[in-house]
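Have a look at the structure below, then the notes.
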Amino acid sequence: MSPRRTSPTAYPEMAPGGWSVEKIRSATARLEQGYLTDASRLTRALSRHPRYVQGREQFLGAAQGCPAEVLAAQVTYGGVGTARRLADEAGPMLAQVLRDGAEDWLTEWLRVMPLVIGVLSWDTTARPWRPVSLTRWPLEAVRVDMTARKLWALTTAGEEEIRAGDGTWVVAWNSGPFDFASGLLRCLGEAWIRGINAGRDVANRSQASGVAAILAQVAESKTMEDSDLPAYEERLQNLQKGGAAGILVPPGYPLPTALDLASKNAMPSLDLALRTSTTDLLVPWLMQDGTATNEGGSLAKAQVLDGVMFSAVQRFVSKLWGEVTADGSHVPGVITSQIVRPWVAYQVGEDVDPDRVCPLALRRVPDLEEDSRLTAEKDRAAGFWAEVEMVEKAMRRDMTEDELQELAGMRGVRVPATVLRERGERAARPEGQPVEETAPLA
């Protein structure tokens, strides 16, 4: 099932006349109304800036550095073998679909833009069918119907409705459907323009500072022979042609006074503008300015993962890949719900619910506080059991299961089921005698 339509040619990345702060603000304002073309142009223009690339690649490294795996669906009865088989086969399938940078543009556009759309291509010669590639659909070729809450693909064959997860379209939102006010584009765009303007001003001032200026008065004819005057003027003109800035004034005119509109603090001001724009291009990607460490600094308590704020990586990876909650439940992300699930629908018969046996594709975000957390849990458990011993000694009996569970809940401790079972068996023994393994002889 290859893409049935082809997208028209993408718009150029530069706005007519170049980008300015006003045009960037206009693009983001129109984006909130569902007009994606100008914002898509701006995103592609931004991607050429070295600081933007630095922030993007650092975030990609942090997110994609989390180990990927596929977990079988939690099937309690019937279909366990099917769930395990699908989990084993989903890994190689995803590796093929997400190759050639598909995960890169999914990550970049989902962070910068509020919306990213991909087209899933299938190998229809295989039995059963399987997806083979994911390609980005240009947002310039998308029409947003804010009234009907629908997306339409503008193709060379007409319009086609975009239905997320239908086996052809993969749609990821930044902060929920039709919320176009999110994404990094708003803050990145203005910082990018400020940096470009500051760099231009530095270049202009450096060029002006490096040009030699010659101030000369045209001589009066009575001070030199008439035949020498043309030769003198020609020499001045040749100096100007050689790269010097020549200023010629008539005889008797007062000499001009140099006027530096930028003043003596021009270069420090330009340097500050460059450094500020650089920071403003990196911080939205990394969610920190380089002071967030685990060993000192003004944000010593903040957790970072490869230089990126840990919470930002965890939130994004969970949205794209999914997660496993504390109770073991599977929460699918975009990749599971819109790539893996349509594939599962072709692997099982119509009598099997794909959602029931669909595996979970996820990336494991490392627990940066695991050591301290385990130490705290150990200390809490030791204090809990010491308290249990003290209470039972005072009551001169063992605590019941309900009493033990109530105290454990108050202290934030989990009591293993084996411990509860052993304590229940011990309480059932008459006068604490061991349980007889065999029936007594008659």
Would Thr336 and Cys358 count as a side-chain contact (heavy atoms from CB on, under 4.5 Å) if you check the C-alpha gap in whole Å, the side-chain angles of each, and the deciding distance to 0.1 Å? CA-CA 8 Å; Thr336 294; Cys358 181; 4.1 Å; yes
Could you walk me through whether Trp192 and Leu42 pass the side-chain contact (heavy atoms from CB on, under 4.5 Å) check? CA-CA 10 Å; Trp192 172 62; Leu42 178 57; 3.5 Å; yes
Evaluate the side-chain contact (heavy atoms from CB on, under 4.5 Å) criterion for residues Trp285 and Arg51: first the C-alpha distance (whole Å), next the side-chain angles of each, then the deciding distance (0.1 Å), finally the verdict. CA-CA 10 Å; Trp285 277 110; Arg51 294 303 180 189; over 6 Å; no
Verdict with supporting geometry, Val334 and Leu106, side-chain contact (heavy atoms from CB on, under 4.5 Å): CA-CA 10 Å; Val334 173; Leu106 269 174; 5.7 Å; no
Side chain to side chain donor-acceptor pair (under 3.5 Å) evaluation trace for Gln33 with Arg30: CA-CA 5 Å; Gln33 301 170 0; Arg30 287 175 58 81; 5.4 Å; no
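Residues Lys319 and Leu110 are in side-chain contact: their nearest non-hydrogen atoms beyond the backbone lie under 4.5 Å apart. Inter-residue side-chain proximity for Thr82 and Val352 is flagged as unmet; no heavy-atom pair is nearer than 4.5 Å. Residues Arg315 and Ser311 fail the side-chain proximity criterion, which asks for heavy atoms closer than 4.5 Å. Using a 4.5 Å heavy-atom cutoff, the side chains of Val313 and Phe310 are not in contact. Considering only heavy atoms from C-beta on, Arg130 stays 4.5 Å or farther from Tyr346 through its side chain. Inter-residue side-chain proximity for Val171 and Leu115 is flagged as met; some heavy-atom pair is nearer than 4.5 Å. Residues Trp169 and Val119 meet the side-chain proximity criterion, which asks for heavy atoms closer than 4.5 Å.
Using modelled atom types, no side-chain atom of Trp109 and backbone atom of Thr43 make a donor-acceptor pair closer than 3.5 Å. One N or O on the side chain of Trp129 and one on the backbone of Thr124 form a donor-acceptor pair closer than 3.5 Å. In this structure a side-chain-to-backbone donor-acceptor pair under 3.5 Å is missing from Ser26 to Glu22. Without hydrogens or angle criteria, Gln288 side chain to Gly307 main chain gives a donor-acceptor distance under 3.5 Å. In this structure, Thr325 contributes its side chain and Ser329 its backbone to a donor-acceptor pair below 3.5 Å. In this structure a side-chain-to-backbone donor-acceptor pair under 3.5 Å is present from Arg380 to Gly412. Distance alone, capped at 3.5 Å, is enough to place a donor-acceptor pair between the Ser47 side chain and the Arg44 backbone.
Residues satisfying the side-chain contact (heavy atoms from CB on, under 4.5 Å) test with Asp88, not counting sequence neighbours, are none. Legend: residues meeting ring-ring contact (aromatic ring centres under 6.0 Å, His included) with Phe384, ordered by chain and number and at least two apart, are absent.
Under the 30°/60° scheme for interplanar angles, the aromatic rings of Trp173 and Phe178 are found to be tilted.
Classification of Lys150 and Glu159 as a salt-bridged pair fails, no side-chain N sitting under 4.0 Å from a carboxylate O. A salt bridge does not link Glu140 with Arg41: every distance from a Lys NZ or Arg NE/NH1/NH2 to an Asp or Glu carboxylate oxygen is 4.0 Å or more.
For the side-chain contact (heavy atoms from CB on, under 4.5 Å) test with Trp152, the passing option among Asp145, Val144, Ile162 is Asp145; the others fail. Test Arg275, Arg186, Arg194 against Asp280 for salt bridge (charged side-chain N to carboxylate O under 4.0 Å, His left out) and you get one pass: Arg194. The residue from Gln64, Glu103, Glu323 that alone fulfils the side-chain hydrogen bond (donor to acceptor under 3.5 Å, both in side chains) condition with Arg363 is Glu103.
The neighbour count for Met410 CE, taken as heavy atoms of other residues, nucleotides or ligands under 6.0 Å away, does not exceed 12. For Met287, the CE atom counts as loosely surrounded, since its 6.0 Å shell holds 12 or fewer non-hydrogen atoms of other residues, nucleotides or ligands. Summarising the local packing, CD of Glu403 is surrounded by more than 12 heavy atoms from other residues, nucleotides or ligands at distances under 6.0 Å. The environment of CZ in Arg84 is sparse: at most 12 heavy-atom neighbours from other residues, nucleotides or ligands sit within 6.0 Å.
One distance of note links CG of Leu94 with CD1 of Ile339; it measures 6.5 Å at 0.5 Å rounding. Separating the CG atom in Asp306 from the CZ atom in Phe59 is a distance of 11.5 Å, to the nearest 0.5 Å. Interatomic distance, Arg143 CZ to Glu161 CD, rounded to the nearest 0.5 Å: 10.0 Å. Residue Leu134 holds its CG atom at 7.0 Å from CG of Leu98, rounded to the nearest 0.5 Å. Rounding to the nearest 0.5 angstrom, the gap separating the CG atom in Leu320 from the CZ atom in Arg111 is 12.0 Å.
Defined by atom type and a distance below 3.5 Å, a donor-acceptor pair is missing between the side-chain atoms of Gln347 and Arg85.
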